[in-house]
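Encoded as structure tokens, the structure appears first; notes follow it.
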Amino acid sequence: MKRSAALLIAFMASTPAFALSEPEDRVYAADQNSNTVSVIDPSTNTLLGLIKLGDPRPNVLSPLYKGEVNVHGLGFSPDHRTIVAVSTVTNSVTFIDTATNKIKGVAYIGRNPHEAFFTPDGKHVWATVRGEDYLSVIDAKTFKETDRIKTESGPGMTIFTPDGKRAFVANSFNPVVQVFDVASKKLLASIPVVSPFSPFIQVTPDGKEAWLTHKDVGKVTRIDTKTLKVKGVIDSGPITNHLAFAKTSAGTLAYVTIGGENVVKVYTLDDEAKLIATIPVGALPHGVWGSGDGSRVFVGLENGDAVDVIDTQKNEKIAHIPSGQAPQALIYVPDAVPTGDGRQNLEPRKDMPENITLMLKPAADAQGGGMVVSRNLGLIDIVELSVSKLKPDTAYSLLFEGQPEPIMAFKTDAKGAAMASATSPTRSIVNPGEASKTPRVILVEGTEPSETPVLQGN
């Protein structure tokens with residue numbers, strides 16, 4: 001007998017008493033580079049296929065691009081019959097039927113939306129329009145924008161409390177969390193936080209706290225949802241991306257993706273949160289969500305083009321599932337496909353570019369760290385870099401040791417961090433049978449080639 005969707009809260013783990021994932025459950029990952037949504041069966045930990053929303057990079061760099069670009073955010077309806085996918089470049093929210101994987105409609109809204117979630121009654125979607133200063137309210141039946149809710153500039157994500165009365169809005173450009181009354185859409189409070197860049201916010205299963213990540217400074221803030229005061233701040237680690245909660249036999253735990261360390265850190269919800277496990281996963285963990293029964297946590301690997309699965313009883317990785325390119329947000333939807341096999345309108349995962357990821361470690365007495373990923377596109381590669389704890393407001397270059405031209409040059413922000421990308425030839429052609437030697441990748445200060453690395457590939 002299938003479980004009732006009513007027993008499973010739309011955005012939280014349930015209780016460990018339920019059975020493990022069932023065939024009608026689904027995991028979805030928003031694949032930013034391939035512009036797809038990966039569809040995974042968590043009962044078998046297999047990729048069923050991809051929902052194509054647009055062409056992959058670099059095809060979309062043409063003025064004749066089709067479909068959606070930079071598929072990034074995900075949300076789902078309380079009845080688990082619809083998911084929404086946010087594409088940041090084409091300013092769109094795509095509504096997708098979970099049973100058939102068919103696109104139901106698309107809402108085009110303001111500049112650079114980031115995340116979108118259904119209101120608890122399922123009638124509307126609130127999408128954060130990060131490139132502007134408002135939330136776009138979209139009718140879930142007509143897919144039309146019906147209202148705008150004024151916020152600070154750069155709203156990043158909205159999450160609702162389990163009782164549906166309050167909405168907590170994190171921000172990407174200002175160190176503040178804004179709290180709104182859902183019924184009246186009135187601002188209730190603006191809560192100062194430690195950083196201006198908070199990409200993800202979630203509410204605990206009991207509704208007592210809101211936790212948000214700070215990607216730029218590697219921290220997690222806890223807010224009391226009753227007093228609307230900051231309860232504590234956790235020093236989590238570089239490139240703190242998303243977080244999820246799971247009800248386990250050890251109590252409710254928080255799972256936080258730390259992209260700069262390729263780990264998921266597990267914390268208790270005690271008044272003073274305790275780190276109880278650090279779980280190694282693949283390259284640049286980003287999105288994360290718990291299963292309906294709390295037994296599993298699924299982790300999207302931005303640089304790994306895959307999803308890792310964590311057993312919450314053992315707090316260790318137990319499976320690795322290929323996905324589309326560069327998964328960002330990830331959600332777990334119980335009872336998403338009540339009938340049928342749910343494979344309609346899916347495309348196979350094929351012709352994915354080769355992916356190489358290198359960790360950058362400090363050289364000599366230098367400080368800092370980072371990661372570089374290269375995705376091969378034939379004669380050229382797309383190279384993406386993330387670094388932290390370098391000198392602030394300083395120019396750096398990434399290059400192959402001994403080569404006269406850098407792969408890319410960039411400048412760190414005021415905190416010594418940076419994310420950059422480039423399209424560059426990074427491979428050499430050798431004759432059959434001829435040995436090839438891969439030069440070391442190094443990061444140097446300045447824009448001119450140098451043999452004195454600050455960071456170097458391992």
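The basis for the numbers below is simple: all heavy atoms, side chains too, and nothing from hydrogens, waters or symmetry mates.
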Pair [X], [Y]: side-chain N/O donor-acceptor within cut-off below 3.5 Å:
X    : Y    : value
H320 : D308 : yes
K52  : N35  : no
T204 : E209 : no
S195 : D216 : yes
E68  : T90  : yes
H214 : S198 : yes
N70  : S87  : no
S38  : D31  : yes
N174 : S153 : yes

According to ring pair (Phe, Tyr, Trp, His ring centres under 6.0 Å), who are the partners of [X], at least two apart in sequence or on a separate chain?
X    : value
F118 : none
F298 : Y332
F410 : none
F95  : F143

Open item on the list: Suppose we screen for salt bridge (charged side-chain N to carboxylate O under 4.0 Å, His left out). Which residues come up paired with E401, at least two apart in sequence or across chains?
Closed with: R440

Task: is_close_aromatic(F245, W211), centroid dist under 6.0 Å - done: yes

[X] side chain vs [Y] backbone, donor-acceptor pair below 3.5 Å:
X    : Y    : result
S92  : A107 : no
N112 : E132 : no
D305 : A326 : yes
D25  : D335 : yes

Looking at [X] and [Y], what are the two nearest heavy atoms and their distance?
X    : Y    : answer
G300 : L330 : N-CD1, 3.7 Å
T268 : A273 : O-CB, 3.4 Å
A116 : V84  : O-CG2, 3.7 Å
K411 : A418 : O-CB, 3.9 Å
T278 : L275 : OG1-CD2, 3.9 Å
L47  : V39  : CD1-O, 3.4 Å

- [ ] List the steps and the verdict of side chain to side chain donor-acceptor pair (under 3.5 Å) for D41 and T46.
- [x] CA-CA 5 Å; D41 181 348; T46 56; 4.9 Å; no

Could you list the donor-acceptor pairs under 3.5 angstrom formed by side chains in residues 382-393, with sequence neighbours left out?
| from | atom 1 | to | atom 2 | distance (Å) |
| --- | --- | --- | --- | --- |
| E384 | OE1 | R375 | NH1 | 2.9 |
| E384 | OE2 | R57 | NH1 | 3.3 |
| K391 | NZ | E445 | OE1 | 3.2 |

Nearest 0.5 Å, please: how far is [atom2] in [Y] from [atom1] in [X]?
X    : Y    : atom1 : atom2 : result
N171 : F173 : CG    : CZ    : 8.0 Å
Q178 : I149 : CD    : CD1   : 11.0 Å
L253 : T248 : CG    : OG1   : 4.0 Å

Task: Check against side chain to side chain donor-acceptor pair (under 3.5 Å), T240 and K219 - done: CA-CA 7 Å; T240 295; K219 298 179 186 294; over 6 Å; no

TODO: Have a look at F200 and tell me which of H72, H114, H242, H286 forms a ring pair (Phe, Tyr, Trp, His ring centres under 6.0 Å) with it.
DONE: H242

Task: Single hit among F168, F117, Y134, F160 for ring pair (Phe, Tyr, Trp, His ring centres under 6.0 Å) with W126 - done: F160

TODO: Could you point out which residue of D55, L50, I51 forms a side chain to side chain contact (heavy atoms under 4.5 Å, CB included) with L53?
DONE: I51

TODO: Mark yes when over 12 heavy atoms from residues, nucleotides or ligands other than Q313 sit less than 6.0 Å from its CD; otherwise mark no.
DONE: no

Open item on the list: Is it the case that atom CD in E316 sees more than 12 heavy atoms from other parts of the structure closer than 6.0 Å?
Closed with: yes

Open item on the list: Working note: D381 + S374, criterion side chain to side chain donor-acceptor pair (under 3.5 Å); need CA distance, chi angles, decisive distance, verdict.
Closed with: CA-CA 6 Å; D381 291 72; S374 173; 2.8 Å; yes

